[in-house]
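Below: one structure, written as structure tokens.
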Amino acid sequence: MQNPIIAALDVPTAEQALKLAHEIAPVVGAFKIGKELFTSAGPDIVRRVRDTGAAVFLDLKFHDIPNTVAHAVAAAVRLDVQMLTVHTSGGRAMMQAAEQAAQATVQASGRAAPLVLGVTVLTSHDAGSLAEIGCEPNVGQQVERLARLAVQSGLRGLVCSPLELAALRRMLPAAVQLVTPGIRTGTEKADDQKRTLTPRAAMAAGASWLVIGRPIYAATNPRLAADAILASLA
Ligand code: C5P
């Protein structure tokens with residue numbers, strides 16, 4: 001089994017990120033670099049994390065006109081990331097352009113195209129806030145609608161909450177990869193995640209990858225915490 005743990009490097013500086021990355025690289029499958037770290041440390045942080053030998057998930061959630069997103073995806077691919085995110089609400093043409101740019105940019109390099117993951121409905125939304133921006137207020141229905149559109153547009157993966165896993169697995173082709181945050185082991189404090197599953201339960205519900213932040217980076221010993229999560233999946 002490939003190691004499905006994606007450790008979120010949700011720390012503000014390159015120094016903190018690299019210390020953590022070197023410590024846990026042997027026991028995780030990939031690192032997630034998000035908006036805070038990328039904005040403060042720059043693209044060089046991607047290269048330096050890649051130097052640990054681990055895969056990188058660049059979570060910048062692109063959402064713009066197709067041409068702009070295609071160029072941003074191409075730039076991310078040139079940084080040699082293995083996964084990246086776009087907002088599915090950017091629409092069919094934008095997602096097609098993103099996937100096409102990912103495929104075209106790796107062609108000369110011989111590398112595999114990175115997984116372009118679609119983000120459906122942010123978990124910070126509820127019926128009221130969706131209605132306010134003119135969307136279908138039923139969160140589950142909106143997630144399913146965007147997930148279907150993402151797959152029709154050629155995306156090979158989606159980010160989804162643990163509680164959406166079962167419904168998406170039922171309706172999507174089995175090859176679609178589902179990447180799931182909101183993972184808690186039950187031993188740490190709840191933080192701000194309200195809808196969580198344990199690593200084992202999320203895998204059983206159909207997750208392909210688990211995004212895990214605080215349960216690893218905020219642990220007294222991140223290496224031991226990641227080790228224990230991996231062992232819980234065996
Ligand atoms: O610390 P924690 O395990 O909650 O971190 C989860 C990571 O997944 C964070 O980087 C967070 O931004 C991201 N995420 C999330 N919920 C979503 C989408 C992304 O927690 N719906």
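Numbers here are sequence positions counted from 1. Just follow the structure's listing: the first ligand is 1, and inside any ligand the first atom is 1.
Close contacts between ligand 1 and V211 involve ligand atoms 7 (C), 8 (O) [criterion: under 4.0 Å to a heavy atom]. Of all atoms in ligand 1, numbered sequentially from 1 with element shown, those under 4.0 Å from a heavy atom of P181 are 8 (O), 14 (N), 15 (C), 16 (N), 17 (C), 18 (C), 19 (C), 20 (O). Of all atoms in ligand 1, numbered sequentially from 1 with element shown, those under 4.0 Å from a heavy atom of R214 are 1 (O), 2 (P), 3 (O), 4 (O). Heavy-atom proximity to P215, at under 4.0 Å, picks out these atoms of ligand 1: 3 (O). Residue contact check: G213 has heavy atoms under 4.0 Å from atoms 1 (O), 2 (P), 3 (O), 5 (O) of ligand 1. For ligand 1, the atoms closer than 4.0 angstrom to any heavy atom of D10 are 9 (C), 10 (O).
Heavy-atom minimum distance, L210 versus A202: CD2-CB, 3.6 Å. For the residue pair L178 and L168, the shortest heavy atom distance occurs at CD1-CB, 4.2 Å. The shortest non-hydrogen separation linking P4 to S208 is CB-O, 3.5 Å.
By the 3.5 Å distance cut-off applied to N or O atoms, G182 is not counted among the residues near ligand 1. Between Y217 and ligand 1, a contact under 3.5 Å exists for no N or O pair. Among the atoms of D59, none of the N or O lies under 3.5 angstrom from an N or O of ligand 1. Inclusion of D192 in the set of residues having an N or O under 3.5 Å from an N or O of ligand 1 is not warranted.
For the pair I6/M83, a side-chain contact is recorded, criterion being any heavy-atom separation below 4.5 Å from C-beta on. No side-chain heavy atom of T198 sits less than 4.5 Å from a side-chain heavy atom of S232. Two residues are said to be in side-chain contact when any heavy atoms from C-beta on lie closer than 4.5 Å; V159 and P181 meet this criterion. Between H125 and I133, the closest side-chain pair of non-hydrogen atoms falls below 4.5 Å.
Checked by atom type, the side-chain pair Q107/Q103 shows no donor-acceptor distance below 3.5 Å.
The closest heavy-atom contact to atom 21 (N) of ligand 1, among the options L122, I33, T123, comes from T123.
For atom 2 (P) of ligand 1, the closest non-hydrogen atom on the protein side is R184 NH2, 3.4 Å. Considering only non-hydrogen protein atoms, atom 20 (O) of ligand 1 sits nearest to Q193 NE2, 2.7 Å. Ranking the protein heavy atoms by distance from atom 12 (O) of ligand 1 puts K32 NZ, 4.1 Å first.
Heavy atoms of S161 found under 4.0 angstrom from ligand 1: none, in either backbone or side chain.
Within a 6.0 Å radius of NZ in K35, other residues, nucleotides and ligands contribute more than 12 heavy atoms.
Ion pairing of R48 with D51 is absent here, as no side-chain N (NZ or NE/NH1/NH2) approaches a carboxylate O to less than 4.0 Å.
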